[in-house]
Amino acid sequence: MRFVKGHGTENDFVILPDPDGVLDLTADAVARLCDRRAGIGADGVLRVVRTKAAGVEADAEWFMDYRNSDGGIAEMCGNGIRVFARYLVDAGLAAPGEWDVATRAGLRRVTLGPSGDVSVDMGPPELLGRGEASLAGTGFAGERVSVGNPHLACRVDGPVAALDLSRAPDFDPAVFPDGVNVEFFRPLGERHVEMRVYERGSGETRSCGTGTVAVAAAASLAATGGLGGPGGAAWTVDVPGGRVTVTFDGGTSHLKGPAVLVAEGETYPGWI
């Protein structure tokens, strides 16, 4: 099985080129590929498949089949789609420029050059009201935000580095029946925050693209009562793996940040 390894702000992925949709990608295979001791190691898998081969009805050539490291299917991944787009251009499967990628959360428009950062139109984040999570017995209130997948963005007063995210935060499954990505963020300055995240199906990761949009939305709501109007408001979001920019403009959101391909190879015959 051919693979490419890449990351976006150290949120890392195993990329599986499967343009004709011939791979039988089981949850067990995904978990084995993502295992950091017995596999290649990653936060998730990006299967690169043409929409027609995947049986997806969408006005885009490519479908991002994203799986969390536990093998579970996810709707969307903001860092993953940037890496996905960078792979398509690097492999000669798409030209630099602006085009749509099909995801389980709908079409997402990417913009990128031959090298450098990738920008993604993430769509309008949906603000769903307040929610709660607890961590090591301490409760945290936050904003429930959908960015195609569910988030709970919780503001904290101290440095996010002090939090213990070795265990999953507790939450009400009646409020989050499909699970939830829980972010903890602290304002650092004007439209500038730091965050850490515990992702459903993956644990703590070095970054979460949709999570940075959710945090910027929650921080903007607290600071201004909304997401900004036409002309936009750009937020800088620092994560353990680096920095991204989230811009709210005209009812949508744009996520811009690095997408790096680091290695390619073949899995050993018979291993998967």
Side-chain angles (χ1 to χ4, degrees), residues 1-19 33-34 40-51 58-67 74 76-103 105-123 147-148 191-192 194-195 197 205-213 216 232 234-249 252-266:
M1 182 187 296
R2 181 169 170 262
F3 72 90
V4 177
K5 181 72 183 287
H7 75 92
T9 50
E10 298 181 7
N11 190 191
D12 59 339
F13 309 95
V14 174
I15 304 158
L16 299 180
D18 184 28
L33 285 165
C34 292
I40 297 168
D43 294 322
V45 164
L46 304 171
R47 186 172 71 108
V48 181
V49 58
R50 287 189 171 90
T51 52
D59 189 17
E61 182 177 2
W62 296 98
F63 171 63
M64 182 180 75
D65 178 10
Y66 177 62
R67 316 290 181 95
M76 179 54 189
C77 179
N79 289 321
I81 196 170
R82 297 200 319 275
V83 174
F84 186 94
R86 176 55 63 206
Y87 167 77
L88 287 175
V89 169
D90 188 76
L93 298 172
E98 186 175 329
W99 27 269
D100 290 333
V101 173
T103 76
L107 293 179
R108 294 292 184 266
R109 177 145 289 229
V110 297
T111 304
L112 69 162
S115 61
D117 286 357
V118 179
S119 179
V120 185
D121 185 338
M122 299 289 287
V147 192
R191 293 198 298 273
H192 184 192
E194 64 171 1
M195 67 162 258
V197 58
T205 58
R206 300 281 291 171
S207 179
C208 173
T210 53
T212 62
V213 176
W235 287 78
T236 299
V237 183
D238 293 340
V239 294
R243 173 176 288 180
V244 299
T245 302
V246 177
T247 303
F248 301 111
D249 188 4
T252 191
S253 60
H254 295 269
L255 170 64
K256 185 176 182 179
V260 182
L261 305 178
V262 300
E264 63 180 336
E266 297 273 350

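The chain is numbered in sequence order, starting from 1.
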Approximate separation, where rounding is to 0.5 Å, of [X] [atom1] and [Y] [atom2]:
| X | Y | atom1 | atom2 | result |
| --- | --- | --- | --- | --- |
| L261 | I15 | CG | CD1 | 5.0 Å |
| M122 | F248 | CE | CZ | 10.5 Å |
| N11 | T205 | CG | OG1 | 5.0 Å |
| C34 | F13 | SG | CZ | 9.5 Å |
| E194 | T236 | CD | OG1 | 13.0 Å |
| H254 | D249 | NE2 | CG | 5.5 Å |

Exercise for review: Would you please name every residue forming a side chain to side chain donor-acceptor pair (under 3.5 Å) with D238, sequence neighbours left out?
Suggested key: H192, R243

Does [X] reach the side chain of [Y], with side-chain heavy atoms less than 4.5 Å apart?
| X | Y | result |
| --- | --- | --- |
| P17 | F3 | no |
| F84 | W62 | yes |
| D100 | V110 | no |
| L16 | V48 | no |
| V244 | V239 | no |
| T212 | W235 | no |

Considering all heavy atoms of both residues, which atom of [X] and which atom of [Y] are nearest to each other, and what is their separation?
| X | Y | result |
| --- | --- | --- |
| H7 | E10 | ND1-N, 2.9 Å |
| T210 | G78 | CG2-N, 3.6 Å |
| V197 | C208 | CG1-CB, 3.7 Å |
| Y66 | L46 | CD1-CD2, 3.4 Å |
| L107 | A102 | CD2-CA, 3.8 Å |
| G113 | P96 | C-CB, 3.7 Å |

Between [X] and [Y] (side chain of the first, backbone of the second, donor and acceptor by atom type, cut-off under 3.5 Å), is there such a pair?
| X | Y | result |
| --- | --- | --- |
| S253 | G123 | yes |
| R2 | D18 | no |
| R108 | V101 | no |
| R82 | A259 | no |

**Study point:** Steps toward side-chain contact (heavy atoms from CB on, under 4.5 Å) verdict (V147, M76)
**Key:** CA-CA 8 Å; V147 192; M76 179 54 189; 5.9 Å; no

Point to revise | From CA spacing to verdict: side-chain contact (heavy atoms from CB on, under 4.5 Å), R86, L112 | key: CA-CA 8 Å; R86 176 55 63 206; L112 69 162; 3.6 Å; yes

Point to revise | Salt bridge present between R109 and D121 (N-O < 4.0 angstrom) | key: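 Result for this pair is no, no salt bridge flagged.
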
Check your understanding: Would K5 and D12 pass as an ion pair if we require N to O under 4.0 Å?
Key ->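 Yes, K5 and D12 are salt-bridged.
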
Exercise for review: Tell me yes or no: between the side chains of T9 and S207, is some donor less than 3.5 Å from an acceptor?
Suggested key: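 Yes, S207 and T9 have a side-chain donor paired with an acceptor closer than 3.5 Å.
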
